[in-house]
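Excluded from the calculations below are hydrogen atoms, water molecules and symmetry mates; all remaining heavy atoms, backbone and side chain alike, are included. All of these numbers come straight from a predicted model, not from anything done at the bench.
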Amino acid sequence: MGKSIRTEEVDHLLDAILTLKTKEECFDFFEDLCTVNELLSIAQRFEVAKLLKNDAKYAEIVKLTGASTATISRVNRSLNYGNDGYDIVLERLKKKEKSKK
């Protein structure tokens, strides 16, 4: 088994994230917290998840995002066998988009 992410430090980080109220606050916090490459990698994985949920093929995802097939496979594994974190967020975003219309 790998390391658990459920540590006191991670708990503190998540509590901090939950205090953010605006997209601008999120930009500021994550820009301070992460390197540019770390943040871009996280954003890329999220884009990959969205595309996979919309039944995009690996070749199309590589072309659109520049993600490696290993990254796509890892995200796909999380979508299929993970804790449904992507699904929760993607469903909420879908509902938010529908309510805007």
Taking the hydrophobic residues Ile, Leu, Val, Met, Phe, Trp and Tyr, and joining any pair whose side-chain heavy atoms are under 4.5 Å apart, which ones share a cluster with Leu13? Val10, Leu14, Ile17, Leu20, Phe29, Phe30, Leu33, Leu39
Do Ile42 and Leu40 sit in one hydrophobic cluster, given that two such residues count as connected whenever their side-chain heavy atoms are within less than 4.5 Å of each other, even indirectly? no
Contacts of type side-chain hydrogen bond (donor to acceptor under 3.5 Å, both in side chains), residue Thr71, not counting sequence neighbours: Ser68
How would you list, by chain and number, every residue that makes a side chain to side chain contact (heavy atoms under 4.5 Å, CB included) with Thr35, sequence neighbours excluded? Asn37, Glu38
How would you list, by chain and number, every residue that makes a side chain to side chain contact (heavy atoms under 4.5 Å, CB included) with Thr19, sequence neighbours excluded? none
How would you list, by chain and number, every residue that makes a side chain to side chain contact (heavy atoms under 4.5 Å, CB included) with Ser41, sequence neighbours excluded? Arg45
Side chains of residues 81-98: which donor-acceptor pairs under 3.5 Å do they make with residues two or more places apart or in other chains?
| unit_1 | atom_1 | unit_2 | atom_2 | d |
| --- | --- | --- | --- | --- |
| Asp87 | OD1 | Lys53 | NZ | 2.9 |

Answer yes or no: is there a donor N or O on one side and an acceptor on the other, between the side chain of Asn80 and the main chain of Asn76, under 3.5 Å? yes
Taking only residues at least two apart or on different chains, which pairs with a member in residues 56-69 satisfy salt bridge (charged side-chain N to carboxylate O under 4.0 Å, His left out)? none
Partner residues of Glu47 under the salt bridge (Lys or Arg N to Asp or Glu O under 4.0 Å) criterion, sequence neighbours left out: Lys50
Hydrophobic cluster of Leu18, others only, ordered by chain and residue number, side-chain cut-off 4.5 Å: none
Quick note, salt bridge (charged side-chain N to carboxylate O under 4.0 Å, His left out) partners involving residues 16-26, not counting sequence neighbours, are none
